2 protein chains.
Amino acid sequence: MGRPRTFDIEQALEAALAVFWRKGYEGASYADLVEATGVERPALYSAFGNKEALFLRALERYNAHYGSYVWKAIELETSRQVAQRVLEGAVELSTRFDDRTGCFGINGGVAGSDDSEASRRALIKWRADGEAVLRERFERAKREGDLPNDVDPSVLAAYLLTIAHGVAVQAKAGFPREKLSAIARQALSAWPGK
Amino acid sequence: MGRPRTFDIEQALEAALAVFWRKGYEGASYADLVEATGVERPALYSAFGNKEALFLRALERYNAHYGSYVWKAIELETSRQVAQRVLEGAVELSTRFDDRTGCFGINGGVAGSDDSEASRRALIKWRADGEAVLRERFERAKREGDLPNDVDPSVLAAYLLTIAHGVAVQAKAGFPREKLSAIARQALSAWPGK
DNA sequence: CTCATTACATAATGATCGTTATGAAACTGG
DNA sequence: CCAGTTTCATAACGATCATTATGTAATGAG
């Protein structure tokens, strides 16, 4: 019972996600969030908790709705295909929306005040999770002979995500997609194995 | 004439630079700056102008005192040596200080509120300047036959800085120097030419 | 219809933001 | 020694920050 909600909670979350994606955690104010979602402050608090909780919910949604290309990529046949798909995905996602270029996980917070340390830690953990998934995939590739014996899967995974993060920074700076694609191709030429 | 300054202006600037390096533009408050510099607010305003001007002065100093490795690297003999030195420099600088890992130009501001747009634009321009210097160097290398004819110097320059930016993000996340070096070596294995 | 419950919009909370007004303190030239 | 100038520290400015108290509107259950 009780008065029913007048807004769609997933729709509001998506709008909040877009704000955080564009402005980062600290750069996004409740005035921005209210304007983007069309939901008043107290309603946001009652639906999502405080700003940090809302940000984490947004990260969760970003991971499920936008970051899924990594989880799909690791199912490809060869490590090179995986690497290529990951970089393609990073370029595509970083330039998909003109009003929020780059990556939520990078824009969200690289540096900031001590107050927002928790949100940055959450993003770091999120990126580390992605790296772990790739590392495991490349360990398998090594066992299967897809990658030579002298490579370090953890370095390859870290290398790949380093490119992805760099691409995200460049995208946020306004680099066009074609340029980012050329960068990704260049990075791929460093890939060991076939 | 008049009452003499009781603090060293370059020393205060260096302390402010360290704060911006660590917390970014928006994350750095005047409370932080006063504590780090040991200089009261009105004195900071009278010496440097407002926050934006102080940040730009800090960027200037960062460029001269810490970012100079790029300008030195382009004097090396081959493009590969240049690329190697740039990445080595990025890794070293990103991990030189434990209390301000990463790069001033990245930490300073990737995303944020609209109020700090100007500072982000300044950083984007700074990074673009570095890229232009490298591009010109690689154009020369191409003319001299140090780089093959089918490469695009602007892609190589952008590629190199994309790695550097990615490395900076990883360093800010706490990656150890050794890991970043391994990433840099991996990136270098994609370098065309000898 | 009444009541308990939930969500609503308005507006206020204390804290902190960047910035500056204020007046005393410390120096130099006359 | 005094007048003029600059810096000093204290404290305040309005604006905005995240968060919430308040009272009304809208529902379902009894």
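Per chain, numbering begins at 1; letters A, B, ... match sequence-line order. It should be emphasised that the depicted structure is a prediction, and the values quoted were computed from it without experimental measurement.
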Report yes or no: do R120(A) and S116(A) form a side-chain donor-acceptor pair below 3.5 Å?
yes

Gap between atoms OH and C1', on Y25(A) and dC17(D) respectively (whole Å)
11 Å

Distance, rounded to the nearest Å, where E40(B) contributes CD and dT10(D) contributes C1'
9 Å

Overall bend - the helix from dC1(C)-dG30(D) to dG30(C)-dC1(D), comparing terminal axes fitted on five pairs, nearest 10 degrees:
10°

Here the residues of residues 10-22 of chain A within 4.0 Å heavy-atom distance, strictly under, of DNA chain C are none

Does this structure show an ion pair linking D99(B) with R22(B), if we count only N-O contacts that are shorter than 4.0 Å?
no

What is the nucleic acid contact for A47(A), judged by heavy atoms within less than 4.0 Å: base, sugar-phosphate only, or nothing?
nothing

May I ask you to verify if any side-chain N or O of T6(B) is less than 4.0 angstrom from the OP1 or OP2 atom of dT7(D)?
no

My understanding is that only residues two or more places apart in sequence, or in another chain, count here; which of them pass side-chain hydrogen bond (donor to acceptor under 3.5 Å, both in side chains) with K72(A)?
none

Which sits closer to the 5' end of DNA chain D, D115(B) or A43(B), going by the nucleotide each is nearest to?
A43(B)

Roughly how many Å is it from CG in D8(A) to P in dC8(C), rounded to a whole number?
12 Å

Evaluation steps, side-chain contact (heavy atoms from CB on, under 4.5 Å), between D146(B) and E77(B):
CA-CA 9 Å; D146(B) 172 35; E77(B) 208 169 335; over 6 Å; no

Summarise how protein sits on nucleotides 19-30 of chain D as a single string, 5' to 3': B when a protein heavy atom is under 4.0 Å from the base, S for sugar-phosphate-only contact, - for no contact.
BBB---BBBS--

Write out all pairs satisfying ring pair (Phe, Tyr, Trp, His ring centres under 6.0 Å) with one or both partners inside residues 127-169 of chain A, taking only residues at least two apart or from two chains.
F138(A)-W191(A)

Applying side chain to side chain contact (heavy atoms under 4.5 Å, CB included) between V82(B) and each of L134(B), V70(B), L87(B), report the one that passes.
L134(B)

Value in whole Å for how far the C1' atom of dT16(C) lies from CD of E26(B):
14 Å

Parallel, tilted or perpendicular: rings of Y66(B) and F97(B) (30°, 60°):
perpendicular

Who are the ring-ring contact (aromatic ring centres under 6.0 Å, His included) partners of F104(B), not counting sequence neighbours?
F55(B), Y62(B)

Do L180(B) and V110(A) sit in the same hydrophobic cluster, where Ile, Leu, Val, Met, Phe, Trp and Tyr count as joined when their side-chain heavy atoms come under 4.5 Å apart?
no

